[in-house]
Trainee: 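Okay, handing you the structure first.
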Amino acid sequence: VSTTVETTTAIRPFRVETPQEQIDELRRRIELVRWPSKELVDDRSQGVQLAALEALADYWRSEYDIGRIAERLNALPQFTTEIDGVDVHFIHVRSQHEDALPLIMTHGWPGSVIELLEVIGPLTDPTAHGGGTEDAFHLVLPSLPGYAFSSEPTEVGWDSGRIAKAWAVLMRRLGYDRYVAQGGDQGAGVTDAMARHAPEGLVAIHLNFLRNAIGSVAGLPAGSEQERAALTALDTFRTSGFGYFLEQSTRPQTIGYALLDSPIALAGWMLDHDTDSYYKISRAFVERRPAGGLTRDHVLDNITLYWLTGTGASAARLYWEGGRAAALAAGKAPPPVTIPVGFTTFPDEIFRAPRSWAEKIYPSLVYFNEAARGGHFAAWEEPQIFSEELRATFRSVR
Amino acid sequence: MSSTVETAVEIRPFNVEISQDQIDDLRGRITATRWTSKELDASQGIQLAMLKALADYWASDYDFNRIEERLNELPQFITEIDGVDIHFIHVRSQHEDALPLIITHGWPGSVIEMLEVIGPLTDPTAHGGDAADAFDVVIPSLPGYGFSAEPTEVGWDPAHTAEAWAELMDRLGYTRYVAQGGDQGAGVTDQMARQAPDGLLGVHFNFLDAAPRELLMAALNFRLAFSEEDRAQFGKFTGVFMRGYLTLMGEHPQTIGYSIVDSPIGMAAWMLDHDADSYQKISRAFLEGTPSGGLTRDHILDNMTLYWLTGTSTSAARLYWENSRAVTAAIKHAPPHVKLPVGFTVFPGEIFQAPRHWVKKAYHNLVYFNEAEKGGHFAAWEEPEIFSQELRAAFASVRNGTTS
């Protein structure tokens, strides 16, 4: 029995390996793509534009170095450990500064740990990135269950609440008894759930997405100009870019077939997230003018990771779990968040959450700021600004 | 100048030709499918076992020449209307007094859905009817569907297509005709009835497309006496608007378009995930070999193969985008009421079973209403005999001029 216990709590080093045949197979499928006709409009209003996806496919097939993923990830200490039946993959970078604050950051969809790679330097080695030794973090970046190198759950129930519990187990297993957590997008859902569970050792959180407002804006103030603008932006999202959300929440398997079988389907699906990031990524490929870290290579690192790990469907299932969890929790108020919360609104986010909304949802808000630049994928696009926001937020709990 | 005009109204015979290369490419893609893991719950979408059974049959047993054979034994034509080449099947009855009828298919259908009603409708005496039940049948492919060309500009909403159908019937020399549709075909037929072009005598629906506006308005105003049954049907009806496929194709047809044009299995899953009843029936056809009526493995794959070979999945999806824009516009500017005689048949497996008083609310001049004993959303496809009998009954009074 004791060996079994040791095995299941073991933390095993992990390295990415990409066999050449997988690379060849991906290139072959990109070459054989059958394209639809061009959309009939001159903007994003019918979806991802043909010219953007053709430019992406060209670069992916002929210039992009598929070996990049293994190189970038294997330069970092990676591990897997089994939690609640799922092998969880994570990057774990300890700061050289002994008093560094442990921080677990959760990526979202259509992201992965790739989104967060450029903040590792600023967060773990602040003195090399404009900060002081007192700004240092020990960093834990897990891949969500069913994403990338974490294994796929084989049963339903892996909603953000269960993932939050697994993250608390992970931090304890790593020996951290005082830590903070951060997330945007789906990672904000997980981080919110962690704060509500309030496991021993979690002292504060930071969010860059007000996920609860996507579910309902009931009770949120709507009087000021900023509040009305946020409501309008949410309404635009719900009426013109909500299809992916609804499909993944209700039929992840149906869309999953194409995401596993066609790299272009996968790329198209992943680009169609929000208006701002779509146009930024589109410009990176069509006009070669990337916004910050949203470069062609970085975007393709992420898409290629989804492709090589074959996780398009299992990643989509997280939305289905979210829908199921919401239905099960209907009418029941979740436990309140009482630990300190920091929130940063990025100007190009789907909606600019006003301070009043963040305060309403998180009465224990201790930090609020509007960043100068950046959108939904804030850590990816503006790693330096993002890192400074985390330093500022967590300063008070160190 | 005059020669241009003549060219544009020309009606050209059409034959389907499918190259072996296209078939080999499709079969190659099916066998090279990279499969996803099994769903964790049946509610997550098209089930892996079902789709694998379909893929097996498609790649190994299905005869790819079927489409060519089935379509080319029928008189097919192409004519350009308003810049789009429209493909249509045109079968005249041997009975001289036959009533011309234009039937519009829906999504994820095509003219394939309608092939089995051609016999009963055009040759009723061979199918349990009388010479007096005969129709001349026109079955067009919607713009962007099958062998019709793709629109190259926005604006081909159901109203635009309805105008094109009136032009088509006029061009065929029909001065007195009726129209029928379910699904998106109901949207087009509804618009025809509102536009009431010269010659259109009446319409029949097997889907209440008019529901969105009139029914919602009525429900909001509490003008409908909502019984328990009404509430159940209303729940099913509003459930449609929470469907991802509808929202996605209505918002971003191009995005899903990459999936359904590049991956035959991605396309098949997308087309199967329409409504629960037809999915279960088609699933049984592949897994248990027990098809429901005309929803056989071969018929289902005829339709999917047609979408694949014509590469029209994306252009087909765009109709939802057009429709969504049109519905939004109609909220501001209500379309004219339908005054023409309307027949309506409720099929028991349909997404919602529209109660008679809902249909009457939408179409005041309801001259025929019936609940069929069998069949679902793809009524003509699944139950061609029952469907044909419904059309005979619905249009009997129109044909005799006893209603108007």
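In what follows, every chain begins at residue 1, and chains take the letters A, B, ... in the order their sequences are listed.
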Trainee: Side chain from CB out, backbone as N, CA, C, O: work out which of these in Ile256(B) comes under 4.5 Å of a heavy atom of chain A, or both, or neither.
Mentor: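 Just its side chain gets close to chain A.
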Trainee: Under 4.5 Å heavy-atom distance to chain B, tell me which part of Trp269(A) shows up: side chain, backbone, both or neither.
Mentor: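 Both parts, heavy atoms under 4.5 Å.
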Trainee: So, the side chain of His252(B) versus the backbone of Ser240(A): is there a donor-acceptor pair under 3.5 Å, distance only?
Mentor: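 Yes: the side chain of His252(B) pairs with the backbone of Ser240(A).
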Trainee: Looking only at the side chains, is there a donor atom on one of Tyr64(A) and Asp301(A) sitting less than 3.5 Å from an acceptor on the other?
Mentor: yes
Trainee: For the backbone of Leu260(A) and the side chain of Arg34(B), can you confirm whether one donor and one acceptor N or O come within less than 3.5 Å of each other?
Mentor: yes
Trainee: Determine whether the aromatic ring centres of Trp107(B) and Tyr245(B) lie less than 6.0 Å apart.
Mentor: yes
Trainee: Using non-hydrogen atoms only, which part of Thr250(A) is less than 4.5 Å away from chain B: side chain, backbone, both, or neither?
Mentor: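 For Thr250(A), backbone and side chain are both near chain B.
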Trainee: Considering only heavy atoms, which portion of Thr311(A) lies under 4.5 Å from any heavy atom of chain B: side chain, backbone, both, or neither?
Mentor: neither
Trainee: At a heavy-atom separation under 4.5 Å, does Leu51(B) approach chain A through its side chain, its backbone, both, or neither?
Mentor: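 Only the side chain of Leu51(B) comes within 4.5 Å of chain A.
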Trainee: Name the region of Met242(B), side chain, backbone, both or neither, that has any atom closer than 4.5 Å to a heavy atom of chain A.
Mentor: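 Answer is both: backbone and side chain atoms of Met242(B) are under 4.5 Å from chain A.
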Trainee: Heavy-atom distances under 4.5 Å only: say whether Glu39(A) touches chain B with side chain, backbone, both or neither.
Mentor: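 Looking at Glu39(A), backbone and side chain both touch chain B.
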Trainee: Would you mind reporting whether Tyr57(B) and Leu301(B) have side-chain heavy atoms less than 4.5 Å apart?
Mentor: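 Of all side-chain heavy-atom pairs linking Tyr57(B) with Leu301(B), at least one is under 4.5 Å.
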Trainee: Is the number of heavy atoms from other residues, nucleotides or ligands within 6.0 Å of CD (Gln20(B)) greater than 12?
Mentor: yes
Trainee: Between chain B and each of Leu246(A), Thr154(A), Val156(A), count heavy-atom pairs under 4.5 Å; write down the option with the most.
Mentor: Leu246(A)
Trainee: Need one label for Ala268(B): side chain, backbone, both or neither, based on atoms under 4.5 Å from any heavy atom in chain A.
Mentor: neither
Trainee: Could you check which of Asp41(B), Thr36(B), Ile265(B) has the highest count of heavy-atom pairs closer than 4.5 Å to chain A?
Mentor: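 Highest number of heavy-atom pairs under 4.5 Å: Thr36(B).
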Trainee: Side chains of Tyr306(A) and Tyr147(A): does their closest heavy-atom pair fall under 4.5 Å?
Mentor: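 The answer is yes, as the side chains (C-beta and beyond) meet within the 4.5 Å cut-off.
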Trainee: Hydrogens and angles aside, do Thr304(A) and Trp60(A) bring a side-chain donor and acceptor to less than 3.5 Å of each other?
Mentor: yes
Trainee: As an exercise: rank Leu50(A), Leu259(A), Val41(A) by heavy-atom pairs under 4.5 Å with chain B and give me the winner.
Mentor: Leu50(A)
Trainee: Quick one: what part of Gln49(A) sits under 4.5 Å from any heavy atom of chain B, side chain, backbone, both or neither?
Mentor: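 Just its backbone gets close to chain B.
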Trainee: Ignoring hydrogens and geometry beyond distance, is a side-chain donor-acceptor pair present between Asp276(A) and His376(A) at under 3.5 Å?
Mentor: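 No, no side-chain donor-acceptor contact under 3.5 Å.
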Trainee: For the backbone of Asn323(B) and the side chain of Asp157(B), can you confirm whether one donor and one acceptor N or O come within less than 3.5 Å of each other?
Mentor: no
Trainee: Under 4.5 Å, counting heavy-atom pairs only, tell me which of Trp320(A), Tyr244(A), Phe242(A), Phe245(A) racks up the most with chain B.
Mentor: Trp320(A)
Trainee: For Tyr145(B) versus Ala316(B), what's the shortest heavy-atom pair and its separation?
Mentor: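 Nearest heavy atoms, Tyr145(B) then Ala316(B): OH-O, 2.9 Å.
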Trainee: Measuring heavy-atom distances to chain B, does Ser249(A) have an atom under 4.5 Å in its side chain, in its backbone, in both, or in neither?
Mentor: neither
Trainee: Do you know which of Arg44(A), Gln46(A), Arg251(A) has the most heavy-atom pairs under 4.5 Å to chain B?
Mentor: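 That would be Gln46(A).
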Trainee: Donor-acceptor check, side chain of Arg61(A) to backbone of Arg27(A), threshold 3.5 angstrom: yes or no?
Mentor: no
Trainee: Is Trp270(B) close to chain A through its backbone or its side chain, or both, or neither, when contacts mean heavy atoms under 4.5 Å?
Mentor: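 Trp270(B) touches chain A through backbone and side-chain heavy atoms alike.
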Trainee: Please look at Ser313(B) and chain A and tell me whether the side chain, the backbone, both or neither of the residue comes under 4.5 angstrom of a heavy atom of that chain.
Mentor: neither
Trainee: Considering residues, nucleotides and ligands other than Glu287(A), do more than 12 of their heavy atoms fall under 6.0 Å from its CD?
Mentor: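 Correct, the count exceeds 12.
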Trainee: Please look at Glu150(B) and chain A and tell me whether the side chain, the backbone, both or neither of the residue comes under 4.5 angstrom of a heavy atom of that chain.
Mentor: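 The side chain, not the backbone.
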Trainee: Against chain B, label Ile255(A) side chain, backbone, both or neither, depending on which of its atoms sit under 4.5 Å from a heavy atom there.
Mentor: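 Just the side chain, heavy atoms under 4.5 Å.
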Trainee: Trp307(A) versus chain B, heavy atoms under 4.5 Å apart: side chain, backbone, both or neither?
Mentor: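 Its backbone and side chain both get close to chain B.
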Trainee: With a sphere of 6.0 Å drawn around CD of Gln20(A), does it hold more than 12 non-hydrogen atoms of other residues, nucleotides or ligands?
Mentor: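 Yes, CD of Gln20(A) has more than 12 neighbouring heavy atoms, counting only those of other groups under 6.0 Å.
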Trainee: For the interface with chain A, which of Thr247(B), Val261(B), Thr314(B) has the highest count of heavy-atom pairs at distances below 4.5 Å?
Mentor: Val261(B)
Trainee: Less than 4.5 Å to any heavy atom of chain A: does that hold for the side chain of Arg318(B), its backbone, both, or neither?
Mentor: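 Side chain only.
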Trainee: Given heavy-atom pairs under 4.5 angstrom as the criterion, report whether the side chain, backbone, both or neither of Arg324(A) touches chain B.
Mentor: neither
